[in-house]
Amino acid sequence: MIPRRWKRQRRAARLVLVVLAVALAASACAPDEDTGGGETGGTVKLGFISPVTGFVAALGTDMRRGWEMYWQQNGGKAGDVTVQTVFEDDTGDPEVALTKARRLVEQEQVQLVAGPILANTAYAVAGYVAGRGLPTVQMTGADDLTQRKFDPLVLRVGYTSSQSNFPAGQWAYEQGHKTAVTICPDYAFGWESCGGFVSAFVKAGGKIERQVWHPLGTQDFSTYVAQARQANPDVVFIGSAGGPDAILFYKSWTGFGLKDRIPLVGNCCFADQVFLREVGEEALDLQSFTYWSEGRDSPLVQRFVQAYEQQHKEIPSLYAAGAYTMAQVIAEALKKTGGKIEGEDFINAARQVSLSESLYGALTFDDTNNVVGPVYRTRVQRRDDGTLWSVVEQTFPEVSQFGTEGKEAFLEHPVFSRDYTGQ
Amino acid sequence: MSAARWAGVAALAAGIAAVVAAPYVLPSYTVSLLTLMFIAALLASSVNLLAGLAGLVSIGHAGIAAAGAYGVAWATVHGLGLPAALGVAAALTLAVSVVYALTTMRTSGIVFLMITLALGITVFGLALKLSSVTGGQNGLTGVRRPGMVGEWWQYYFFTAAVYGACLLVLAAMSRSPFGLTLRGIRESQSRMTSLGYSVTAVKFVAILVSGAFAGCAGVLLAWNSEFLSPSVASFSRSALAVVIVIVGGVGTLLGPLVGAGIVVAAEYWLSSYVERWQTVLGAVLILVVLFAPRGIVGGLEGLAGQLTHRPRKEGS
Amino acid sequence: MTLDEFLLQALNGLSFGALLFVLASGFTLVFGLMHIVNLAHGAFYLVGGYVGIVTATATGSFLAAIVAGAATAAVIGLASERLLLRRVRGKELPEVLLTVGIALVVADACLAAFGGNPRSIPVPSVLSESVRLGDITYPTYRLFVISLAVALGALLYVVQHRTRFGALIRAGVDDREIAESLGIDVPRVFTAMFVFGAALAGLAGVVAAGLLTLRPGADIDILLFALVVVVVGGLGSLEGAAVGSALIGLVDAFSKVWVPEFSYFAVFAPMAIVLMFRPAGLFGRSRT
């Protein structure tokens, strides 16, 4: 049954098998390991990953710019220590993000990794980097990163996806809105964003008429807008991830004449600069609950906005602000540790950082390495020169990722999912 | 053996020596790229099996790989032991391959391409939707490798060995009666039918076999990253597999490996130095198509044939 | 579902389908004549759209944007066909792969030139209002897209069946060799068709920029829809592209309302059904 030609190949096959066996035997001897993380004199080397190409290229580019701006403004130093950054592009894909993280750690020998932004890329990178014993600093919103999937080597310089929406839910009810409809993208970020609003709104006494979930990348929102209108709520909450979805949703919303009919409240990332640049006038007076307000009356914020605008001809988005703040916290932590980055010690030092002023406001960290900070209710206004930005109308100080519940009670129930209705 | 034969064996031995020596002379990051290369080559080989032998180009094979990957990932995360995890991966791969086979076994050409495209995207969508099982968009973390191959260099040898073994099986299959039957189908389906072959049944089996290799690649991928998200089933992964096959040379044994080397180098190595690496990859593609239409390995084989003045063997 | 809602969704489906028709018509015509599956079609759409946006923002003229966008895509199509595709004429797989390479280069060039921000086109005020249709208000722009597609379809039909150029095309489609032996300059006709197809893709991009947003990756998103449309309608058939795009647009719109969980895969259902019963597509001709 065996073809004759196969017999001729047997010699080659045997040779191959012998060599494979040798290889397996060789595998018993470990090669030299690349030792990582050595600091040379007063210099530290940091790795920075963000999606500079791919479908979220705008976010990744803004992140890089914000990060670079911090170091530019501080002479590339944190105290006496010089800081070098190696940049990598994750294209928005977790496999690529992971491989780039490997490169940063094993080839470039960075001592810490910052970024990336998309939740799945962040989980992949954090898992690997923490597994190597190095600290990582994130700004992604994925709730569980500092909750049920907490790791002592991971610090989030930012807010969870649900965090800034707790005050939104409470406030909406206090305005006299008894019923609400929520519209969020149908994946973890959306579930967590709406979850924050819903939990606070229901707790305050409100009723959720309907939860509308749309696939990420929806091009036509008219169905969803129609569903919201049908339910006829007192208020609609939109928990957008920003970008094209936010723009297209809002076009539908105004196109169907709902702008002046039903009050709309946005989350952190709905009416960001990317949105405002595209939507223009129609966005005036839009209210959002967010942690980054580029129109906030703070000298630090205005200096940052001015410098950024001068360099990049655009008002900085929350991604630029977030990366800038990551850099700031890392710099402060470096000052505390005297320029040393040693695993958990560094994260502990970073967690002790308490900023009386940052782009987000007064920041501290809680004991699962997440930010405790202010949330702002903002409104879109025209600046003196005519460009649109959001200014602060109300401040909710010291909002925690656990809302008003407290850590233990909050962690009792599972992470916000599609099925969460507030009960 | 003839001189050409000795040259071939020597080249093979040199290649294997290089593979074995790599972790001792190259930095760990480069070796991890080689690991990725072998995994990509394995997926591309599964595509090459159908494209090269049977003339069926599938642009959705990442979907089958994802089945294997999610099978092993889910099982590992839920605490199942190694044999059980592999069992789950195998079962899921088989199930998905059967669906691919049943929906495409009566088709060929563009229709085959389009159906596999749709299937790949469907698997991607399912991975996103069934979030309680797959972790949805956020993915699954903590997919630990088997202890024995935990270190980077151990995993590299493991992946290389698996790829080598699969290569041997593919080579044998290519020369077997089954392989010849597939080639017959590529030449002319109607002729094969008139000769009494059940073309549909043969294609069915071929897709299952190809799926097995793809599922293997998926398992290797999940263990390599120790993380899994729906992007493993994405259209661009499937399309890249096809690109790898064609750049390397459709129907050649080592084509997928060469193609994988080039694409992995562009995606990971080049991209760290050149921001416009995708332009470079596109340009390489264009150049290969224009000047090496049988792919790089195909072109080299043709060249070698001319150099040794041997008539080109039929059916390579 | 009330009648008003039904009408609303139907119009949504038809307007998206109209956009798909503008895109798919070029794709299917190129295939019908040259048997090229042009996977760079999405990239032509993207570059045309971006150029249109930049033109409209600079000049304030939507018409200029359309011309600029279509022309840019046409020029890139010309370069692709004359310099690259001609060299692999007749070999299917190399042709397809060449278009993949072109798509990669063009899409990356778009990222480099226009950045990663999602962009849309400033629509002329006459089109940016809404119109009352019974009880519902419907955006005028979407109705414009539908009219555009109908006009385009009519034009293409007339050209194909009533003009000499159309006769040349049909001759080339029917039998290339005979057409050549009759003295028709087939290579030139091919180039013209490819350029025309690219121009249609560019036009689709400019029009789409008023309906959707353009960003990195939009080329692949829309290409997948176009592929489904031509598979359903039949590769090479203009009627098929028309029926297919209307069908896919409607399925997309209604599935979002009726089966939102599965709207992602919903468009594959008609494709699966068609392939099961008429593998060549609704209006396609089976190729041996």
Side-chain angles (χ1 to χ4, degrees), chain A residues 1-3 5-6 9 11-13 15-17 19-20 22-24 26-27 29-34 52-53 86 88-89 91-96 98-100 102-108 118-128 131 142 144 149 186-189 191 215-216 417-418, chain B residues 1 8-9 12-13 16-17 19-21 23-25 27-33 36 128-129 131-132 135-139 141-142 149 151-154 156-158 160-161 164-165 168 171-172 175-177 221 224-232 234 236-237 267-268 271-272 275 277-278:
Chain A
M1 251 230 332
I2 305 170
R5 259 189 262 165
W6 177 226
Q9 250 66 312
R11 203 184 280 174
L15 176 66
V16 168
L17 285 168
V19 180
L20 275 175
V22 169
L24 277 164
S27 70
C29 324
D32 292 328
E33 190 62 70
D34 298 336
V52 192
T53 59
V86 182
E88 285 291 358
D89 171 16
T91 74
D93 182 297
E95 286 299 322
V96 176
L98 187 63
T99 309
K100 293 305 174 79
R102 279 213 177 106
R103 179 171 186 275
L104 286 172
V105 168
E106 295 172 28
Q107 187 165 314
E108 294 288 342
L118 294 179
N120 49 19
T121 58
Y123 275 125
V125 167
Y128 165 73
D144 261 353
K149 293 208 172 99
D186 198 4
Y187 74 117
F189 174 81
W191 305 332
L216 203 56
S417 74
R418 201 181 196 277
Chain B
M1 289 200 289
V9 172
L12 181 66
I16 292 178
V19 167
V20 172
Y24 302 98
V25 295
S28 64
Y29 174 66
T30 314
V31 174
S32 69
L33 287 185
L36 276 177
L128 274 179
K129 288 257 99 187
S131 48
S132 49
Q137 179 85 302
N138 279 1
T141 50
V149 291
E151 294 293 313
W152 58 275
W153 52 274
Q154 291 170 325
Y156 163 76
F157 282 128
F158 175 64
L168 287 175
R175 290 172 178 78
S176 71
L221 192 64
N224 185 44
S225 320
E226 298 194 310
F227 172 85
L228 192 64
S229 79
S231 63
V232 299
S234 68
S236 31
R237 293 269 155 226
E267 207 180 343
Y268 297 115
S271 60
S272 296
E275 202 176 319
W277 60 274
Q278 288 178 321

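Values in this document were obtained by computation on a predicted structure and should not be read as measured data. Convention: sequence-line order gives letters A, B, ...; per-chain numbering from 1.
With a 4.5 angstrom heavy-atom cutoff, A/Asp186 touches chain B only via side-chain atoms. For A/Val86, no part lies near chain B; criterion is any non-hydrogen pair under 4.5 Å. Both the backbone and the side chain of B/Gln137 come within less than 4.5 Å of a heavy atom of chain A. Proximity to chain A (any heavy atom under 4.5 Å) is restricted, for B/Leu33, to the side chain, taken from C-beta onward. If you measure heavy-atom distances from B/Ser272 to chain A, the contacts under 4.5 Å come from both the backbone and the side chain. Contact annotation for B/Ser229: only side-chain heavy atoms (C-beta onward) come within less than 4.5 Å of a heavy atom of chain A. Heavy-atom distances place the side chain of A/Tyr187, and not its backbone, under 4.5 Å from chain B. Neither the backbone nor the side chain of B/Leu228 comes within less than 4.5 Å of any heavy atom in chain A. For a residue to count as touching a neighbouring chain, one of its non-hydrogen atoms must lie under 4.5 Å from one of that chain's; by this rule B/Val232 touches chain A with the side chain only.
Atom-to-atom distance recorded for B/Ser132:OG and A/Arg418:CZ is 11.5 Å, nearest 0.5 angstrom. With values rounded to the nearest 0.5 angstrom, A/Glu88 atom CD is found 6.5 Å from B/Ser271 atom OG. Of the inter-residue distances, the one linking A/Gln107 atom CD with B/Thr30 atom OG1 reads 5.5 Å to the nearest 0.5 angstrom.
In plain terms, the two heavy atoms of A/Tyr123 and B/Thr141 that are nearest each other are CB-CG2, 3.9 Å.
For B/Ser225 and A/Glu95, the side-chain atoms include at least one donor-acceptor pair closer than 3.5 Å.
A/Arg102 is linked by a side-chain hydrogen bond (donor to acceptor under 3.5 Å, both in side chains) to nothing, counting only residues two or more places apart in sequence or in another chain. Residues satisfying the side-chain hydrogen bond (donor to acceptor under 3.5 Å, both in side chains) test with A/Thr53, not counting sequence neighbours, are A/Asp89.
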>> Under the criterion side chain to side chain contact (heavy atoms under 4.5 Å, CB included), I'd like the reasoning laid out for B/Tyr29 against A/Val105: C-alpha separation, chi angles, the key distance, then a yes or no.
In response: CA-CA 9 Å; B/Tyr29 174 66; A/Val105 168; over 6 Å; no
> When you look at A/Asp93 and B/Arg237, which way does the side chain to side chain contact (heavy atoms under 4.5 Å, CB included) test go after all the steps?
Replying inline: CA-CA 11 Å; A/Asp93 182 297; B/Arg237 293 269 155 226; 3.3 Å; yes
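Of the listed residues A/Thr99, A/Leu98, A/Thr91, the one with more heavy-atom pairs under 4.5 angstrom with chain B than any other is A/Thr99.
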